[in-house]
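Shown next, in structure tokens, is the structure this report addresses.
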Amino acid sequence: MAKREIQIASAIERALTELGISPPEGGVKVERPARLEHGDYATSVALELSKQLGKNPRSFAQEIIETRAISEIPHLKGIELAGPGFINFRLMYSHLHESLLELLRQGEDDFARSELGHGEKIQLEFVSANPTGPLHVGNAWWASYGDAIKRVLERSGFNVKTEYYVNDTGGQIRTLGESLLARRSNQAPPEDGYQGEYVVELAKKYNGPDDVLEAGKFAVKENLAAIKASLLNLNINFDEWFSQASIEESGAVDETIEILASMGATYEKEGALWLEATRFGDNRDRVLRKSDGYFTYLAGDIAYHRNKFLVRGFDRVIDIFGADHHGQVASLKAAMSALGIEAQRLEILIGQMVSLVEGDRKVKFSKRAGNIVSMEWLVSELGPAVTRLLSLSSSLDRAAVIDIEEAKSTSMDNPAYYIQYAHARIASIFRVAESRGVLVRELAEVPLDLLKTPRELELIRTLISLPDVVDDAAISRAPQRIVAWLKSLASAFHGFYHDCPILAEGIEEDLLQARLQLAKATQIGLRVALFLVGIEAPEQM
RNA sequence: GCCCCUGUAGCUCAGCGGAUAGAGCAGUUGCCUUCUAAGCAAUUGGUCGUAGGUUCGAUUCCUACCGGGGGCGCCA
């Protein structure tokens, strides 16, 4: 809850105390009603408590309203008893002006920043696509998500490190090397190899020996460079690129398996070493070391996650997996439990598959078959802002459908431009103000209380809700809430811009100054929120 | 068969247990001597998959069923 809600909630708690009633478990909830006619803030506490107290909710609400504590709520203008027992609070506009002033004093660095996370150390792993080819559209989707979650968590006071786990070892690298060598000698790649055209390009650049592993390593290096470049195109940078080979070479996998074995969590069967995962909540046991002596992917992943928790000391680890890797979740959590790490500290978010349609036609893609729709292509078609906004407009849980035709054809009235345009318009106002020699007064000299038309008040209301939205997005790992807020803020601003001229003839100097400050505050809000979703705030369009 | 996600306007999607369910696109219609019309305003469009349950109150939580997607390897 934001500051104002907390003020009111604590007043209600004092009111209950006056009446000799203990507050509900989890505290009194105060919310902002969807409709303005229901007041600025409302509580349903009377409805919640009336049954256990054997009271009529409406008369109980009336008792609360009449307490001294309620009458002392700052900025209080009126109270209403509504519906089955809601208490609606109406505040004077001064509460909005006070909050606006606070926002302006905090500025871009501090507004909507909180200490919710108390510096908790979080490691956030996402994308982690195998470096066997270019990133596809789904990777772009989840990458935008992961990056935005990082930004939002940091704003809420968490200490976040992002990481890309590079699967640079194992059978797939061998397969990749085989495919490359085949292409170099102008042959078709193996049937289960990588068929993509990009392998032909890699083969042209490769002048090493006819060695599958050498060729594979070369291809990985090249692919990884391409992956980094595409992510950078989307304004995404990782703190760490963690090599799977490095963890195997360091002996950490052996070490981890020995620990699991010493704890009696493993057994041998048919020449392989198994993890007794069923004992820890998985629905089947899992192989750690194959009968050919090689470790499974899972074994490496367990060692890697052990490293995150026990070697690097993260309090919490968040992984974002694609839905096609959902099967790993139970195994990995089981392994953590077996290692004595509470499974709750490992949080795995699943990104549902992204599909493409072009008109009525479904576009299928698969990395092995080579007909992937690359992230590179998508970003070049739509631009980074539209790509990020489109992916952050829906929840990670939903299997998104992108209509390529529509994404392209509607790009001119895309919400991304709608939001960016608001920012550009504000920048333009300040450019014009400067060119006309308008002096922007010191904040303390500006009568913000002149802002009282519905447009101005609505804009302020939307603006000051951002701190709550950010914390909520952080807790729920839901950066799409920031996008929703941006859309509503842009809408409130465009309405204000249309109806409330700032620099036009006949606008009194005091009002001009107040409106300039409101524009300034909007600029701050836009810049903060656009940064959180990784979208550029343009000065002009 | 088992596990995960999902079903909201013609389409793509929001929606923190609350009051009359929202946005964009698509449709219809107004507004540029003005700080950028990439804008504003009006209007059409809904049995929130179905049936139960919990609750003062359910689109939201629980159960079952029906549709859609994904996963159930000594692949990664």
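Order of the sequence lines sets the chain letters (A, B, ...), proteins ahead of strands, with each chain counted from 1.
Spacing of C1' atoms, rC25(B) relative to rC16(B), comes out at 27 Å, to the nearest Å. Taking atom C1' on both rU43(B) and rG70(B), the two are 41 Å apart, rounded to the nearest angstrom. Using atom P as the reference point in both rC4(B) and rA42(B), the two lie 45 Å apart (nearest Å). With P as the reference atom, rC2(B) and rU20(B) are 40 Å apart, rounded to whole Å. Taking atom P on both rA21(B) and rU59(B), the two are 10 Å apart, rounded to the nearest angstrom. Taking atom C1' on both rA51(B) and rG7(B), the two are 16 Å apart, rounded to the nearest angstrom. Comparing the P positions of rC3(B) and rG73(B) gives a spacing of 15 Å, expressed to the nearest Å.
Remark: ring of Tyr497(A) does not overlap the six-membered base ring of rG39(B) in a stacked fashion, as centroids less than 5.5 Å apart with planes less than 30° apart are not both met. Ring stacking holds between His38(A) and rA19(B), with the centres under 5.5 Å apart and the planes within 30 degrees of each other.
Judged by atom type and distance alone, Glu48(A) does not reach the base of rC56(B) through any side-chain donor-acceptor pair under 3.5 Å.
Between the CG atom of Leu503(A) and the P atom of rU33(B) there is a distance of 19 Å, rounded to whole Å. Look at CZ on Arg481(A): it is 18 Å from P on rG22(B), rounded to the nearest Å. Going from atom CZ of Arg398(A) over to atom P of rG68(B) covers 17 Å, rounded to whole Å.
Nucleotide rC32(B) has no partner under the Watson-Crick or G-U criteria, as no pair reaches both atom distances under 3.5 Å. Using N1 to N3 plus N6-O4 or O6-N4 for Watson-Crick, or N1-O2 and O6-N3 for G-U wobble, each under 3.5 Å, rG1(B) pairs with rC72(B). Summarising the base pairing, rA14(B) is matched to no nucleotide, lacking a Watson-Crick or G-U wobble pair whose two defining distances lie under 3.5 Å. Taking a pair to require two hydrogen-bonding distances under 3.5 Å in either a Watson-Crick or a G-U wobble arrangement, rU43(B) pairs with rG27(B). If you check rU63(B) for Watson-Crick or wobble pairing at under 3.5 angstrom, you find it paired to rA51(B).
For the pair Arg4(A) and Tyr41(A), the cation-pi test (distance below 6.0 Å, angle within 45°) is failed.
In plain terms, the two heavy atoms of Arg477(A) and Leu153(A) that are nearest each other are NH1-CD2, 3.6 Å.
Base contact: Asn88(A) has a heavy atom under 4.0 Å from a base atom. Using a 4.0 Å heavy-atom distance criterion, Tyr418(A) is classed as a sugar-phosphate-only contact.
Using a cutoff of 4.0 Å between basic side-chain nitrogens and carboxylate oxygens, Asp40(A) and Arg32(A) are not scored as salt-bridged. Salt bridge annotation for Glu125(A)-Lys308(A): present, with a cationic side-chain nitrogen under 4.0 angstrom from a carboxylate oxygen.
The glycosidic torsion of rC62(B) lies more than 90° away from 0, placing the base in the anti range.
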